[in-house]
Amino acid sequence: MKKIIFSVTILSVSLFSFSQKKPLGHSVYDGWQSIGERAISNNGKYIVYTVNLQEGDGVLVIQASDGKYKKEIPRGYNATITEDNLFAVFKIKPLFKDTRDAKIKKKKPDEMPKDSLGIVELGKDSIIKKPGIKNYKMPEKATGWLAYLSEKGFPEQPKDKSQPDSITRLNNLSRIADSLVRVADSLRNKAAEAKIKGLSVLQSPKKEIKKPADEPAEEGTELVLRNMQTGEEKKYKLVSDYLFSKNGKRLVIGTTKKNSDSLSKAFVLLENLPEKKTDTIMQGFNDAKNYAFDEEGSQLAFVAERDSVAKALRKFYKLYYYKPGTDSAQLRSDRNTAGVAKGLTISENYNLHFSKDAKRLFLG
């Protein structure tokens, strides 16, 4: 009899326990956690990792390996610890709910919620946040610099009109130079025509031929170069792409023209970071991409296209090369170069790269 009572008691407890367990379903799966990204500082004192959910908002964890420091950043991801072990740089996603609602409403890409940039000094609690960030980059084998590119639609900070930015100054100088060239050409043409037809041509107005408007191209956005030690920042407008040299001594910046200004031009700028000097190594093109430095950051290569219209089905890119001592980037190869087989052209999709000894450049 005691054995029967004991068995009934065990069965009752088991049934009660089973009834308390939550049945497995999609709501349970969505809450399951997993470790995602992970990294460790060069000195081994700090680690960063993400804790992700199947569906929902994850968290970025920054902590000391001895357990004395821990910082959690909701929705943080894509984290990097700087080479000097002083900072963690990362992106912060919008709330999962906000992104999901925007997708349901079929909002345009420019109207979707945007990521932010976060910077934490390791061992400290405060966070520096920058809203509306597309991406960020740092030198691969150096420290001290951070660059981040803004998303389209985020207004730039107002600046003192008496101190225009570098791109505006370049466009102004280019506009003045073009005007002077046009005036000089016009005077030469008039003088040559006067020799043939007489001085009367100087008094008769010449019918103006309007140049067709350029097709609008996708404009770049604002790039910010930040000194990690001092917090000082320098801004560049209309930037489409950028790249640090591995040693952190050079930064190449590609810009676009401004659609509302028919006289503006696209530029390739080379920033010498130690000397705080900016050089213009190319201007007046449609598209430039696939920038590549050699190991020392002295040689630079990229491909650019400057002849076709924006909506052309076929565009022919050319290879350009720059090294110290030259005024601008030089054309090194195109579809007509000896060695390029007939029917082939320079690839705009291949990742250019120099050999370790910097004596060879590989292209597609």
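Side-chain atoms are counted along with the backbone in the values below, which use heavy atoms only and exclude waters and symmetry mates.
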All salt bridge (charged side-chain N to carboxylate O under 4.0 Å, His left out) counterparts of [X], not counting sequence neighbours:
{"X": "Asp101", "result": "Lys97"}
{"X": "Lys114", "result": "none"}
{"X": "Asp287", "result": "Lys289"}

Quick one: does any side-chain atom of [X] pair with a main-chain N or O of [Y] as donor and acceptor, under 3.5 Å?
{"X": "Arg250", "Y": "Glu296", "answer": "no"}
{"X": "Thr50", "Y": "Asn52", "answer": "no"}
{"X": "Asn85", "Y": "Asn43", "answer": "yes"}
{"X": "Thr230", "Y": "Glu232", "answer": "yes"}
{"X": "Tyr148", "Y": "Leu223", "answer": "no"}
{"X": "Asn42", "Y": "Glu83", "answer": "yes"}

Any pair with a residue in [range] that passes salt bridge (charged side-chain N to carboxylate O under 4.0 Å, His left out), sequence neighbours left out, goes on the list, sorted by first then second residue, please.
{"range": "residues 37-48", "value": "none"}
{"range": "residues 318-339", "value": "Asp307-Lys318"}
{"range": "residues 140-154", "value": "Asp110-Lys152, Lys141-Glu295"}
{"range": "residues 273-286", "value": "none"}

Next item on the list: Give me the other members of the hydrophobic cluster that Tyr321 sits in, counting Ile, Leu, Val, Met, Phe, Trp and Tyr linked by side-chain heavy atoms under 4.5 Å, directly or via other members.
Entry: Val303, Tyr317, Leu319, Ile346, Leu352, Phe354, Leu361, Leu363
Next item on the list: Please write out which residues are connected to Tyr350 in a hydrophobic cluster, directly or through intermediates, given that two of Ile, Leu, Val, Met, Phe, Trp, Tyr count as joined at side-chain heavy-atom separations below 4.5 angstrom.
Entry: Phe362
Notebook entry, point to check: Distance only, no hydrogens: is a donor on one side chain within 3.5 Å (strictly under) of an acceptor on the other, for Tyr320 and Ser328?
Noted result: no
Check: Do Thr82 and Asp84 have side-chain atoms, one donor and one acceptor, less than 3.5 Å apart?
Finding: yes
Check: Under the side chain to side chain donor-acceptor pair (under 3.5 Å) rule, what pairs show up with a residue in residues 351-364, not counting sequence neighbours?
Finding: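 Pairs touching residues 351-364 that pass the test: Ser355-Asp357.
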Check: What pairs meet the ring-ring contact (aromatic ring centres under 6.0 Å, His included) rule with one or both residues in residues 71-94, with sequence neighbours excluded?
Finding: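 For residues 71-94: none.
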Next item on the list: Go through the steps for Leu117 and Val89 under the test side chain to side chain contact (heavy atoms under 4.5 Å, CB included), then give the verdict.
Entry: CA-CA 8 Å; Leu117 180 76; Val89 183; 3.8 Å; yes
Next item on the list: Please identify each residue that fulfils side-chain hydrogen bond (donor to acceptor under 3.5 Å, both in side chains) with Ser65, with sequence neighbours left out.
Entry: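 side-chain hydrogen bond (donor to acceptor under 3.5 Å, both in side chains) check on Ser65 returns nothing, list empty.
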Next item on the list: Kindly indicate, with the supporting measurements, whether the criterion side chain to side chain contact (heavy atoms under 4.5 Å, CB included) is fulfilled by Leu243 and Phe293.
Entry: CA-CA 9 Å; Leu243 179 71; Phe293 283 105; 4.0 Å; yes
Notebook entry, point to check: Given Tyr242 and Asn135, is the side chain to side chain contact (heavy atoms under 4.5 Å, CB included) satisfied, shown in steps?
Noted result: CA-CA 11 Å; Tyr242 62 104; Asn135 56 50; 2.6 Å; yes
